[in-house]
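I have placed the structure first, in the form of structure tokens, so that the comments after it can refer back to it.
Order of the sequence lines fixes the chain letters, A, B, ..., with proteins taken first and strands second; residue numbering starts at 1 for each chain. Just so you know, these numbers use all the heavy atoms, side chains as well, and skip hydrogens, waters and symmetry mates. Note that the coordinates shown come from a computational prediction; the quantities given were computed from them, not determined experimentally.
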Number of protein chains: 4
Amino acid sequence: MSPRNIERDLQVREARINQILNSAIETIAIKGIGSVSINDIAAAANVSIGNVYHYFKSKDEIFAEILRRGQTDYGQHVASLAGSEGNAREKLSLLCESWLAIDNNWAYTILIHTARLSDASSEETRRAVTSRFTNNLEPVAAIMEQGQREGLLVGGSPLELAYYFVSLIQGLTLQRMPGNEVPIRARAESIVALFTVDR
Amino acid sequence: MSPRNIERDLQVREARINQILNSAIETIAIKGIGSVSINDIAAAANVSIGNVYHYFKSKDEIFAEILRRGQTDYGQHVASLAGSEGNAREKLSLLCESWLAIDNNWAYTILIHTARLSDASSEETRRAVTSRFTNNLEPVAAIMEQGQREGLLVGGSPLELAYYFVSLIQGLTLQRMPGNEVPIRARAESIVALFTVDR
Amino acid sequence: MSPRNIERDLQVREARINQILNSAIETIAIKGIGSVSINDIAAAANVSIGNVYHYFKSKDEIFAEILRRGQTDYGQHVASLAGSEGNAREKLSLLCESWLAIDNNWAYTILIHTARLSDASSEETRRAVTSRFTNNLEPVAAIMEQGQREGLLVGGSPLELAYYFVSLIQGLTLQRMPGNEVPIRARAESIVALFTVDR
Amino acid sequence: MSPRNIERDLQVREARINQILNSAIETIAIKGIGSVSINDIAAAANVSIGNVYHYFKSKDEIFAEILRRGQTDYGQHVASLAGSEGNAREKLSLLCESWLAIDNNWAYTILIHTARLSDASSEETRRAVTSRFTNNLEPVAAIMEQGQREGLLVGGSPLELAYYFVSLIQGLTLQRMPGNEVPIRARAESIVALFTVDR
DNA sequence: TATGAATGAGGCTTCATTCAT
DNA sequence: AATGAATGAAGCCTCATTCAT
């Protein structure tokens with residue numbers, strides 16, 4: 001029937017989708033969420049506008065997919081961290097450092113919050129984002145609990161602590177948006193210290 | 001009735017400006033930063049579009065003015081708190097509680113970050129926002145320093161601690177946007193505990 | 001409050017709406033339903049695109065309003081005809097002639113049928129169009145009934161006859177679209193003869 | 001299995017073309033003339049877009065071919081009817097019933113009229129459609145003439161009567177578009193009665 | 001013959017801003 | 001001071017058509 005190599009087609013398709021999403025997140029990092037247009041995204045991906053719409057139904061779908069991937073990847077990262085060898089303080093440090101090391105994170109963070117806003121995206125997208133956010137707290141809470149058992153981290157509800165930790169990280173991340181010149185550097189060590197018991 | 005004089009005119013003007021700005025922040029809280037239009041703002045203030053432009057040069061100026069007022073009010077609040085009687089832990093608690101009590105805060109917070117994005121507003125607005133943000137850290141840093149002197153709060157650079165505190169508060173605030181159903185409540189007590197030494 | 005003449009404003013508004021709608025129906029008559037764009041409509045009305053949207057929510061609303069007016073006007077026309085002096089055959093003749101005399105009618109007719117098509121307009125528009133169409137059959141049916149009482153018109157269900165009459169008129173109207181060169185002229189006399197008993 | 005030869009290739013080609021055209025008319029019946037896209041047509045025919053273009057030069061050609069076949073088939077039908085045994089009234093009844101029986105007819109009818117509109121199709125297509133329409137009137141006119149000779153049908157120019165008959169049928173057909181709920185059923189008997197002399 | 005990725009012009013719609021009254 | 005009509009640029013999205021495989 002088809003004189004085309006289906007498997008190769010799928011690979012190309014996947015590659016193109018990645019290409020669009022990856023350059024989109026970069027473009028957002030430069031232009032900012034509110035100003036980024038499909039035009040920008042297409043240009044950054046070296047692809048025509050029409051072709052972007054060949055792979056995505058709408059701008060919202062692009063945002064939603066970026067978020068899905070970002071949150072899923074982060075979830076896997078933090079879950080594997082929670083399940084790995086080492087004490088809770090070390091894990092928290094690693095988590096902290098990996099966040100602070102990624103330049104793009106502010107874009108994900110702003111995207112997460114923007115996507116939640118009423119008109120900015122569909123009800124479904126919002127639900128999915130919030131649900132993943134909540135799920136991703138679990139491994140952090142597990143680390144908190146481990147730290148409490150080890151006597152390394154401060155007491156209190158582990159989930160609540162995780163909530164504070166993630167909020168702090170996200171709050172810091174937002175300070176790193178382009179154009180922002182707050183003359184203070186966040187240091188993983190000091191942040192983890194807030195949650196550490198021995199001092 | 002009362003003859004128009006300059007003073008009364010200014011009062012009316014001021015009242016109208018307040019009316020527009022106050023309903024604007026509410027409208028932003030509902031529509032979302034990115035979707036709100038001058039039309040929405042005018043309608044919410046029960047004022048014509050043209051009249052909005054009579055009081056403000058541009059949409060950016062409205063945003064900028066909301067931010068200026070919000071940040072200035074907050075700055076005065078936190079400065080007076082820093083200068084007031086009481087120990088640092090109590091002050092931090094009050095600061096925390098006052099933030100968590102205000103429903104609109106997420107809108108200010110998102111507005112602050114949006115306004116900083118390159119294309120979203122003028123260079124001048126961005127500089128002003130960031131500058132006020134940095135200035136407003138000072139009183140918090142002063143409270144941190146006081147707390148360290150009192151032996152109540154954890155050690156480290158007071159400014160850096162203030163930075164973390166504010167970031168945490170802002171991060172939490174963002175979780176309270178409409179449509180958000182994170183099933184965890186932030187409690188001032190637990191937050192302050194992170195910065196407290198006696199445990 | 002307002003230094004504008006409200007009444008005059010309303011008059012201007014009404015005039016502008018008429019101007020847009022009237023030139024729109026003309027433009028449709030030239031360009032054809034399927035090809036007419038908001039751009040065409042705006043240009044024909046000597047008005048900017050944005051201003052068209054100041055008066056109408058969407059292209060569909062323009063179509064819907066044209067239809068509402070066209071069907072309402074026709075309904076009043078035919079109702080007043082049905083209630084007027086004269087025998088049924090004369091009334092039918094007048095009705096026929098007035099339809100055949102109006103050059104634009106094909107556009108209304110195509111518009112009526114296009115508006116009924118699933119994707120072409122909203123459920124609400126479609127219902128309204130069909131409902132008005134059905135209502136407008138009544139006066140024609142009344143004429144048929146009068147004609148039967150007078151012994152001038154053929155027998156059968158008056159409503160059904162009205163349905164045939166209107167369908168015939170519409171079918172003929174469609175033959176008169178631009179680009180159409182069917183070398184036959186419809187004549188009111190012959191059409192009415194089909195519904196006449198004495199021959 | 002069976003060796004490919006030219007004849008078989010042609011058969012396959014013809015089969016594919018039929019498959020596309022048949023599902024296209026169905027799709028038009030659902031989506032509506034103005035909204036149907038090549039994509040819809042390809043999907044309905046279970047064929048790729050590219051393959052549609054392998055068999056047809058353009059969307060206009062598909063429409064034109066549907067019309068050519070529809071009008072030609074109808075022409076043959078009505079011509080054979082005109083040449084068959086039986087009196088004119090019976091022939092008119094059969095013609096009427098066969099039209100009313102076919103669910104798709106409204107789509108053809110709308111298509112015929114749409115295709116005639118200036119911008120909707122090429123000059124050539126329009127000429128062909130109108131020409132076939134006019135030609136197809138001849139057999140109907142012949143039936144009218146026969147009926148007049150037989151003393152069964154009303155007097156007047158046979159071609160003009162044929163024109164009215166077909167317009168009436170088409171007008172009725174349009175009332176049967178999807179979404180249409182005109183609560184009146186057309187009955188062949190009553191329609192033919194309008195053209196019948198004995199009453 | 002068959003596929004579907006790719007293109008880009010064009011259509012609809014929104015919105016900040018201006019201006020006559 | 002107040003109104004809202006008017007403008008037009010810009011954004012989102014669709015779709016007929018082409019082309020490499």
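- Between the side chain of C:K59 and the backbone N or O of C:V36 there is at least one donor-acceptor pair closer than 3.5 Å.
- The closest side-chain heavy-atom distance from B:I66 to B:I28 is below 4.5 Å.
- Here the straight-line distance linking atom CH2 of B:W106 with atom CD1 of B:I110 works out to 7.0 Å at 0.5 Å rounding.
- The CD-P distance, from C:Q11 to F:dG4, rounds to 16 Å in whole Å.
- Remark: side-chain polar atoms of C:Q71 are paired, donor with acceptor, to backbone N or O of C:V129 under 3.5 angstrom.
- At least one side-chain heavy atom of B:I17 sits less than 4.5 Å from a side-chain heavy atom of B:R69.
- Whole-Å rounding puts the A:R8 CZ to E:dG4 P distance at 15 Å.
- The NZ-C1' distance, from D:K31 to F:dA16, rounds to 16 Å in whole Å.
- Atom P of nucleotide F:dT21 and atom CD1 of A:I6 are separated by 17 Å, given to the nearest angstrom.
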**Q.** Chi angles and distances behind the salt bridge (charged side-chain N to carboxylate O under 4.0 Å, His left out) call for D:E65, D:R68
**A.** CA-CA 5 Å; D:E65 182 61 11; D:R68 196 188 62 73; 2.8 Å; yes

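- OP1 and OP2 of F:dA1 both lie 4.0 Å or more from every side-chain N or O belonging to B:R16.
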Q: Toss me the dot-bracket line for DNA chain E: Watson-Crick and G-U wobble, both under 3.5 Å, 5' to 3', using | for pairs to another strand and [ ] for crossers.
A: .||||||||||||||||||||

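- Of the two residues contacting DNA chain E, namely D:V12 and A:R13, the nearest-nucleotide position lying further toward the 5' end is that of D:V12.
- Enclosure of atom CD in D:E14 by more than 12 non-hydrogen atoms of other residues, nucleotides or ligands within 6.0 angstrom is indicated.
- Rounded to whole Å, atom P of F:dA2 lies 12 Å from atom CG of B:N46.
- Between C:H54 atom NE2 and F:dT7 atom P there is a gap of 11 Å when expressed in whole angstrom units.
- F:dA6 atom P lies 8 Å from atom CD1 of C:I20, rounded to whole Å.
- The CZ atom of D:F56 sits 13 Å away from the P atom of E:dA2 (whole-angstrom rounding).
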Q.
One character per nucleotide, please: for nucleotides 13-20 of chain E, 5' to 3', B when the base has a protein heavy atom closer than 4.0 Å, S when only the sugar-phosphate does, - otherwise.
A. BBBSBB-B

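- Between the side chain of B:T130 and the backbone N or O of B:R127, no donor-acceptor pair lies under 3.5 Å.
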Cut-off 3.5 Å, no hydrogens considered: what does the side-chain donor-acceptor table look like for residues 38-48 of chain D, sequence neighbours left out?
{"from": "D:D40", "atom 1": "OD2", "to": "D:S37", "atom 2": "N", "distance (Å)": "3.0"}
{"from": "D:D40", "atom 1": "OD2", "to": "D:S37", "atom 2": "OG", "distance (Å)": "3.2"}
{"from": "D:S48", "atom 1": "OG", "to": "D:N51", "atom 2": "N", "distance (Å)": "3.2"}

